[in-house]
Chemist: 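Can you read through this structure? Questions will come right after.
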Amino acid sequence: MPHVHPALVIFLSLAALATSCTEKEKSSLLQFVAELSQDGGLTNSWENSTDCCRWEGITCSSDRTVTGVFLASKSLQGHISASLGNLTGLVCLNLSHNSLHGDLPLELLSSNSIAVLDVSFNLLNGDLQVLEKSTLRSLQVLNVSSNFFSGHFPSPTREAMKSLIALNASNNSFTGQIPTVFCVSAPSFAVLQLSYNQFSGRIPSELGNCSMLTSLNAGHNNLSGSLPDEFFNITLMEHLSLHDNQLEGTLNGISRLKNLATLNLGGNMFSGNIPYSIGELKKLVTIHLDHNSMSGELPPTLSNCTSLITIDFSSNNFSGGLKEVNFSNLPNLKTIDLMLNNFSGTIPESIYSCINLTALRLSSNKFHGQLSERIGNLKSLAFLSLVDNSLTNITSALQILSSCRNLTTLLIGKNFKNEAMPKDDAIDGFGNLRVLFLNDCSLSGKIPLWLSKLTNLEMLLLYNNELTGPIPDWINNLIFLFHINMYNNSLTGEIPTALMSMPMLEKDKVAPKPFELPIYTRSRQYRMAISFSTMLHVGRNNLTGVIPEEIGQLKALVSLDLRSNKLIGVIPQSICNLSNLEALDLSGNHLTGTIPIGLNNLHFLSKFNISNNDLEGPIPINGQLSTFPNSSFQGNPKLCGPMIARYCGSAETTITTNVTKNIDIKVISAIAFGAFFIVGVMYDQIVLSKAFC
Ligand SMILES: *[C@@H]1O[C@H](CO)[C@@H](O)[C@H](O)[C@H]1NC(C)=O
Ligand SMILES: *[C@@H]1O[C@H](CO)[C@@H](O)[C@H](O)[C@H]1NC(C)=O
Ligand SMILES: *[C@@H]1O[C@H](CO)[C@@H](O)[C@H](O)[C@H]1NC(C)=O
Ligand SMILES: *[C@@H]1O[C@H](CO)[C@@H](O)[C@H](O)[C@H]1NC(C)=O
Ligand SMILES: *[C@@H]1O[C@H](CO)[C@@H](O)[C@H](O)[C@H]1NC(C)=O
Ligand SMILES: *[C@@H]1O[C@H](CO)[C@@H](O)[C@H](O)[C@H]1NC(C)=O
Ligand SMILES: *[C@@H]1O[C@H](CO)[C@@H](O)[C@H](O)[C@H]1NC(C)=O
Ligand SMILES: *[C@@H]1O[C@H](CO)[C@@H](O)[C@H](O)[C@H]1NC(C)=O
Ligand SMILES: *[C@@H]1O[C@H](CO)[C@@H](O)[C@H](O)[C@H]1NC(C)=O
Ligand SMILES: *[C@@H]1O[C@H](CO)[C@@H](O)[C@H](O)[C@H]1NC(C)=O
Ligand SMILES: *[C@@H]1O[C@H](CO)[C@@H](O)[C@H](O)[C@H]1NC(C)=O
Ligand SMILES: *[C@@H]1O[C@H](CO)[C@@H](O)[C@H](O)[C@H]1NC(C)=O
């Protein structure tokens, strides 16, 4: 209300107190509710007899004109009524986070008053072509994101949407070229959000006319070609994200975008060096150039970008040492990810000046040498991955790292080749460690006692080493451990009963905490420990003795690998209780007796191998087990069944003799269980006689 006498304002306000909203507006709103199939309880507040300016979600101006309808997250269902177009003073309409479907009515889009229209996070669909007929002269913010809109993005007339400042169309199925009409028609156009659609083609050079654009996000589309020269004219740009497209070419013009704070070009095909001029981007906070084909050395001028908090250059062909970059000029850094490149030399000392660093990943490069003592300065470091380099002196490395008290994730496998596992008294600390990857180092020695102090450990990877001696009895001190991989070592002794009382193998995991950086293994990406499966892998060792009956307690197990050991005795019946099992490998042992028929009840089992043992009797033919190939069973001369093409001629006698043997063993453990077993075998015989006789 510009240039109005204050007295008049007071008068108008008083007058407003006395009156109510108009019947016409009231009925437009009631019509809107009437056309919903689910009104989320609005009718409790929206009573015809009361002033609609007092209704839930409604705001009015002082002259009792409805100016705002704020109904976000109200569980509304149904379509949006055209009657809202009759609210001639409506300025803000926010219907986000509901379950509205259908299209946006033209009547609504013909409004000359609406400035903010947010229908994001609904189930709206259609092609939005109504926008081409709409007027919407006052519209400043349009958010149609996270719906099911499709087709080319419409090009409204120059008159329509001339006030547009922000358009959010992300997370729909729009196709065609990215829209640039607003660059010409809307002089204040500043925010364009188009990510997660199917926009294709090149980045139009007309985008360079969007001189007021501060934020462009078109990540996760099918854009191709290089960035046009005009693009670098948008010097007000602060947040640029074009990740996960097929863009190519170099980044030579990038330093013209002097105001950049966020640059995310990850997941494209950009090539060439990082330009020397990058140092001119003094406001740069976050830079993601990961998963491209960029090469060359990092320019020393990177250390001029003193605002940097996040650097992600992973999965490129960068090379050279890092000594030229002075990280001590980048004190704000919290994340450095240089995974999967060809960086070489020693890890630069200046990195250890970044005392706020929480995540450092240098894995799959060619770094060599010993870890510097100065890494102990990084008191905030929570995630460290040095996997797959050529680092040496594991004893020294672990001693130094133990002073990084906040470490929760330590991935240092594929280094320290053929060294000795540090001895018991040498290591202390790591009280907060949750994940330890020490695989593929060919380490000799025993499983060390210092591991028993890592009482928060959830995942322990020691596979592909040369560790000897037993699996220690203290293993069940690690009450959060659920992912155990000691595959391919030279461990001896029996499977300890302590392993059969691991709390986290018995019950489901809780409390997901995300990693500071996602962990990649075998081309999969894991954002939190909980996404890894509960597993016990001690295959390819020299373990002896029987598989403990108590294995049946480890009900959370998803994968059990005991293959290629020297285990004897029967497959315990209790293994059939592991109803979450997806993979079971007992192959290459000396197991005897029959196959427990209850294995058929393991409905999630998709990998199963009992080959190369001394098992006998019929393979249960009705159920899960019959779906596995004969390679799962072969190498057991006394097994019979159709899948290994060996006829169970004397099935009855065979079973009878071996039931007796099995019961003898069972009697020692559990009588009730033996009874169940007999029932199981009898059932087996009935099934068999039906199938074969
Ligand atoms: C609301 O009340 C008016 C009169 O007070 C009446 O004419 C109108 O039909 C009512 N509307 C509804 C939806 O009940
Ligand atoms: C809008 O108002 C006009 C005139 O009052 C009326 O004829 C029309 O039915 C209304 N439209 C809707 C969708 O409520
Ligand atoms: C609409 O409401 C939601 C939920 O309150 C809010 O997050 C969003 O920012 C609002 N939209 C606009 C454009 O203000
Ligand atoms: C929709 O986008 C606008 C403009 O970007 C933004 O202000 C608003 O908060 C967004 N709404 C939601 C629910 O995020
Ligand atoms: C645009 O919408 C997406 C998803 O609907 C949301 O995550 C994003 O924050 C929005 N952008 C802006 C600038 O509000
Ligand atoms: C925009 O970019 C083009 C090509 O780089 C250049 O010729 C032109 O002068 C620039 N325009 C402005 C306004 O900076
Ligand atoms: C930018 O970096 C170079 C090389 O590291 C340095 O010589 C120069 O002084 C820096 N310039 C500014 C403005 O910081
Ligand atoms: C490190 O983080 C602390 C706490 O967030 C902050 O106070 C301090 O300024 C940061 N130091 C640097 C050098 O950024
Ligand atoms: C260590 O981690 C804790 C818990 O996440 C956090 O509160 C604390 O600030 C961290 N210490 C440092 C030095 O970053
Ligand atoms: C490992 O490092 C420690 C401490 O720096 C040193 O005493 C020891 O000699 C090193 N061992 C080898 C094999 O280099
Ligand atoms: C198991 O022990 C035997 C000697 O007893 C040895 O020859 C063999 O290499 C060991 N196997 C493994 C996998 O360690
Ligand atoms: C059953 O067990 C006995 C020993 O109790 C063994 O001699 C026999 O070979 C087993 N049965 C078969 C079919 O091998």
Side-chain angles (χ1 to χ4, degrees), residues 334-335 352 354-363 370-387 391 393-413 415-416 420-439 441 443 445-462 465 467 471-486 498-499 501-507 509-517 519 526-532 534:
K334 288 191 168 166
T335 302
Y352 308 127
C354 306
I355 54 162
N356 278 358
L357 211 56
T358 56
L360 175 61
R361 170 153 52 198
L362 304 175
S363 56
Q370 293 193 197
L371 210 54
S372 162
E373 275 189 27
R374 289 191 61 206
I375 200 171
N377 292 353
L378 304 181
K379 299 296 180 203
S380 298
L381 195 65
F383 182 107
L384 175 64
S385 174
L386 303 171
V387 170
L391 302 175
N393 204 340
I394 189 175
T395 305
S396 159
L398 287 171
Q399 275 169 349
I400 292 166
L401 288 171
S402 64
S403 59
C404 298
R405 298 284 167 183
N406 264 19
L407 263 188
T408 56
T409 306
L410 178 58
L411 317 178
I412 55 176
N415 284 292
F416 314 112
M421 177 65 92
K423 295 239 172 44
D424 294 346
D425 49 356
I427 309 294
D428 203 2
F430 295 120
N432 290 313
L433 208 59
R434 291 162 53 209
V435 179
L436 178 59
F437 285 17
L438 251 180
N439 53 288
C441 300
L443 295 177
K446 298 200 159 66
I447 297 178
L449 183 64
W450 57 265
L451 281 178
S452 70
K453 292 181 247 168
L454 314 193
T455 50
N456 284 303
L457 207 59
E458 296 169 23
M459 299 176 60
L460 176 60
L461 269 58
L462 294 173
N465 281 300
L467 300 173
I471 299 173
D473 276 328
W474 49 252
I475 190 92
N476 60 357
N477 289 357
L478 306 181
I479 58 171
F480 297 111
L481 194 60
F482 71 87
H483 188 92
I484 305 170
N485 194 343
M486 301 178 175
L499 207 48
S501 57
M502 300 283 295
M504 289 318 289
L505 299 185
E506 295 177 51
K507 57 174 196 261
K509 326 182 264 275
V510 282
K513 274 193 227 150
F515 298 125
E516 286 70 18
L517 287 172
I519 295 180
Y526 298 87
R527 296 197 168 271
M528 45 186 84
I530 198 171
S531 322
F532 283 91
T534 300

Chemist: Rounded to the nearest 0.5 Å, what's the gap from CD1 on Ile427 to CG on Leu449? Could you check?
Modeler: 12.0 Å
Chemist: Are there more than 12 heavy atoms of other residues, nucleotides or ligands under 6.0 Å from atom CD of Gln370?
Modeler: yes
Chemist: Does the side chain of Arg527 come within less than 4.5 Å of Ile519's, by heavy atoms?
Modeler: no
Chemist: So Met421 and Ile447, do their side chains get closer than 4.5 Å, heavy atoms only?
Modeler: no
Chemist: Nearest 0.5 angstrom please: Ser452 OG to Asn476 CG, how far?
Modeler: 11.0 Å
Chemist: Return the minimal non-hydrogen interatomic distance between Leu443 and Ile394, and the atom names on each side.
Modeler: CD1-CD1, 3.9 Å
Chemist: Between Ser402 and Asp428, is there a side-chain heavy-atom distance shorter than 4.5 Å?
Modeler: no
Chemist: I'd like to know if the side chain of Asn477 and the backbone of Ile475 have a donor-acceptor N/O pair within less than 3.5 Å.
Modeler: no
Chemist: Quick one: are Leu481 and Glu458 in side-chain contact, heavy atoms under 4.5 Å?
Modeler: no
Chemist: I need the Phe437 CZ to His483 NE2 distance, nearest 0.5 Å.
Modeler: 6.0 Å
Chemist: Can you tell me how far CD of Gln399 sits from CG of Leu371, rounded to the nearest 0.5 angstrom?
Modeler: 12.0 Å
Chemist: Decide side-chain contact (heavy atoms from CB on, under 4.5 Å) for Leu517 and Thr335; before the verdict, give the C-alpha distance in whole Å, the side-chain angles of both, and the deciding distance to 0.1 Å.
Modeler: CA-CA 9 Å; Leu517 287 172; Thr335 302; 3.8 Å; yes
Chemist: Should Leu378 and Tyr352 count as side-chain neighbours, where that means a heavy-atom distance under 4.5 Å?
Modeler: yes
Chemist: How about NZ on Lys453, more than 12 heavy atoms from neighbouring residues, nucleotides or ligands closer than 6.0 Å, or not?
Modeler: yes
Chemist: Minimum heavy-atom separation for Lys423 and Trp450, please, with both atom names.
Modeler: O-CD1, 3.7 Å
Chemist: How long is the gap from SG on Cys404 to CZ on Phe430, to the nearest 0.5 Å?
Modeler: 8.0 Å
Chemist: Ignoring hydrogens, what is the shortest heavy-atom contact between Leu401 and Leu407? Give both atom names and the distance.
Modeler: O-CD1, 4.1 Å
Chemist: Apply side-chain contact (heavy atoms from CB on, under 4.5 Å) to Val435 and Leu457, showing your working.
Modeler: CA-CA 6 Å; Val435 179; Leu457 207 59; 5.9 Å; no
Chemist: I'd like to check Leu436 versus Leu454 (side-chain heavy atoms, cut-off strictly below 4.5 Å). Are they in contact?
Modeler: yes
Chemist: Do Asn439 and Asn485 pass the side-chain contact (heavy atoms from CB on, under 4.5 Å) test, and can you show the C-alpha distance, the side-chain angles, and the key distance before you say yes or no?
Modeler: CA-CA 9 Å; Asn439 53 288; Asn485 194 343; over 6 Å; no
Chemist: Judged by atom type as modelled, is there a donor-acceptor pair below 3.5 Å linking the side chain of Asn406 to the main-chain atoms of Ser380?
Modeler: no
Chemist: Output yes when a side-chain donor or acceptor of Asn432 lies under 3.5 Å from a complementary backbone atom of Arg405, and no otherwise.
Modeler: yes
Chemist: Is there a donor-acceptor pair under 3.5 Å between the side chain of Thr358 and the backbone N or O of Leu381?
Modeler: no
Chemist: What class does the angle between the rings of Phe515 and Phe532 fall in, given that below 30° is parallel, 30 to 60° is tilted and above 60° is perpendicular?
Modeler: perpendicular
Chemist: Quick check: does any side chain N or O of Lys379 sit under 3.5 Å from a backbone N or O of Ser403, one acting as donor and the other as acceptor?
Modeler: yes
Chemist: Roughly how far, to the nearest 0.5 Å, is CG of Leu499 from CG of Asp473?
Modeler: 10.0 Å
Chemist: Minimum heavy-atom separation for Thr395 and Ala420, please, with both atom names.
Modeler: OG1-O, 4.4 Å
Chemist: Please check: side-chain N/O of Trp474 versus main-chain N/O of Ala498, any donor-acceptor pairing under 3.5 Å?
Modeler: no
Chemist: Is Met459 close to Phe482 at the side-chain level, that is, under 4.5 Å between some pair of heavy atoms?
Modeler: yes
Chemist: Please check if the side chain of Asn465 supplies one atom and the backbone of Leu438 the other of a donor-acceptor pair under 3.5 Å.
Modeler: yes
Chemist: Answer whether the closest heavy-atom distance between the side chains of Arg374 and Ile400 falls below 4.5 Å.
Modeler: no
Chemist: Set out, in order, the CA-CA distance, both residues' side-chain angles and the distance that settles side-chain contact (heavy atoms from CB on, under 4.5 Å) for Leu411 and Leu386, then state yes or no.
Modeler: CA-CA 6 Å; Leu411 317 178; Leu386 303 171; over 6 Å; no
Chemist: Are any side-chain N or O atoms of Thr455 and backbone N or O atoms of Leu478, one a donor and one an acceptor, separated by less than 3.5 Å?
Modeler: no
